[in-house]
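First the structure, in the form of structure tokens, and then the observations on it.
Naming: A, B, ... by sequence-line order, numbering from 1 per chain. Computation of the quantities below employed the complete heavy-atom set of this structure, encompassing side-chain atoms and omitting hydrogens, waters and symmetry-equivalent molecules.
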There are 2 protein chains.
Amino acid sequence: MDAEAIRRSLEGSGLRCTPQRYAVMAFLMEQNRHSTAAEIFEAVNRVDPRSSRATTYNNLRDLVKAGLVRDVAVEGRAARFEAKGMRHHHFICDRCGKVEDIEWYDVPRPASGSIGKRVLRECELIFRGLCTKCAPARASRKVS
Amino acid sequence: MDAEAIRRSLEGSGLRCTPQRYAVMAFLMEQNRHSTAAEIFEAVNRVDPRSSRATTYNNLRDLVKAGLVRDVAVEGRAARFEAKGMRHHHFICDRCGKVEDIEWYDVPRPASGSIGKRVLRECELIFRGLCTKCAPARASRKVS
DNA sequence: TATCATATTAGATATAATCTAAATTATTGA
DNA sequence: TCAATAATTTAGATTATATCTAATATGATA
């Protein structure tokens, strides 16, 4: 992962490249996953410098506001965050809550009557079901 | 709204038709909206008998589990609940968090390679942008 | 370097949701 | 009917998630 690229994307969005903010962004870009704030907080604190919980939340909020990170809400669970990269849809596991990417493909727009006077910014597909890990364990009740 | 129909749908799902549970279900069916647990709690308590917060949450969870109600997660806000009726997609307002229905239309499935060994249960479109109320107020920062 | 805006921090607070254990209500079956 | 059992409700405590506060530190710039 190119540290300069991360610095440039932060500064290009008007955000200072502080060690704590860099650590959050680098973690999200390296892990190509969807992590909760708690996971990110723990991860960035495995390396120096230490970052407080408030700073982790502040930085996540700033990164979302700057459009570099996306906040994915999951029913009954903590929000998950991902670096915005290639466009994609989402798969959410009913059983363990894991969020995974599904290759992007265009979706037909709704009839303009359905949209009315709303201002449409984006559209995303959410697929639900059981992830690869949970599918075989279907019968079981507990989440591993 | 037909009280007997509500009773039948509860009992058909193996749930007793208690006054508190009925009140939650009736509220969700009458209001064709997407309400937070707090709103539902307040609404069912405007009529007798009074229901506790825990009961409201318990009943919402049971209704979701029974497939009569849907839990819609919204980034940065409390979950919203809706009675499952006609199939539809969702529009979520970036500014005020309001969830609205968008007329259903079929969505092309992803390439089977993108799904892999996952078990697909359902697929929904999420549209984002500004709702009719918020669109004209775009420049303003505060939520009414 | 002095100034000033931005960022970080620990800990308090707020909000959303669940848990606990006791009491209540409904259902079943003798 | 009535005892036994199961489901439901309850107030209040607790947990989980997220934000706020006010003091301090840091970085940018003139």
Residues passing the ring pair (Phe, Tyr, Trp, His ring centres under 6.0 Å) test with B:His88, sequence neighbours excluded, are B:His90
Per-nucleotide protein contact string for nucleotides 6-11 of chain D (B base, S sugar-phosphate only, - none; heavy atom under 4.0 Å) | BBSBBB
Between CZ of B:Phe41 and C1' of D:dG12 the distance, given in whole Å, is 13 Å
Would you indicate what B:Ala79 reaches in the nucleic acid, counting non-hydrogen atoms under 4.0 angstrom: base, sugar-phosphate, or nothing?
-> sugar-phosphate
Mind checking the OG-CG spacing from A:Ser35 to A:Leu60? Nearest 0.5 Å is all I need.
-> 9.5 Å
Write out all pairs satisfying salt bridge (charged side-chain N to carboxylate O under 4.0 Å, His left out) with one or both partners inside residues 64-76 of chain A, taking only residues at least two apart or from two chains.
-> A:Arg70-A:Glu82, A:Arg70-A:Glu122, A:Glu75-A:Arg128
Please go through B:Ile126's hydrophobic cluster and name the other residues, only I, L, V, M, F, W, Y counting, with side-chain heavy atoms under 4.5 Å joining them.
-> A:Val72, A:Val74, A:Ile92, A:Val99, A:Ile126, B:Val72, B:Val74, B:Ile92, B:Val99
By salt bridge (charged side-chain N to carboxylate O under 4.0 Å, His left out), which residues pair with A:Glu11, not counting sequence neighbours?
-> A:Arg7
D:dC20 P sits how many Å from A:Arg61 CZ, rounded?
-> 7 Å
Connected-component partners of A:Leu120 among ILVMFWY, side-chain separation under 4.5 Å = A:Phe91, A:Ile102, A:Tyr105, A:Val107, A:Ile115, A:Leu125, A:Phe127, B:Phe91, B:Ile102, B:Tyr105, B:Val107, B:Ile115, B:Leu120, B:Leu125, B:Phe127
All salt bridge (charged side-chain N to carboxylate O under 4.0 Å, His left out) counterparts of B:Glu42, not counting sequence neighbours = B:Arg46
Taking the side chain from B:Asn45 and the backbone from B:Ser51, do they hold a donor-acceptor pair closer than 3.5 Å?
-> yes
State which residues pass salt bridge (charged side-chain N to carboxylate O under 4.0 Å, His left out) with A:Arg21; sequence neighbours excluded, sorted by chain then number.
-> A:Asp62
Take the protein atom CG of A:Leu60 and the nucleotide atom P of D:dT17, then report the distance between them rounded to whole Å.
-> 14 Å
ring-ring contact (aromatic ring centres under 6.0 Å, His included) contacts in which one or both residues fall within residues 49-86 of chain B, not counting sequence neighbours = none
Contacts of B:Asp101 that satisfy salt bridge (charged side-chain N to carboxylate O under 4.0 Å, His left out) - sequence neighbours left out = none
Boundaries of the chain A footprint along DNA chain C (any atom under 4.0 Å from a heavy atom) = C:dA5 to C:dA12
Angle of first-five versus last-five pair axes in the helix from C:dT1-D:dA30 to C:dA30-D:dT1, to 10 degrees = 30°
With respect to the phosphate group of D:dA18, does any side-chain polar atom (N or O) of A:Tyr57 fall under 4.0 Å of OP1 or OP2?
-> yes
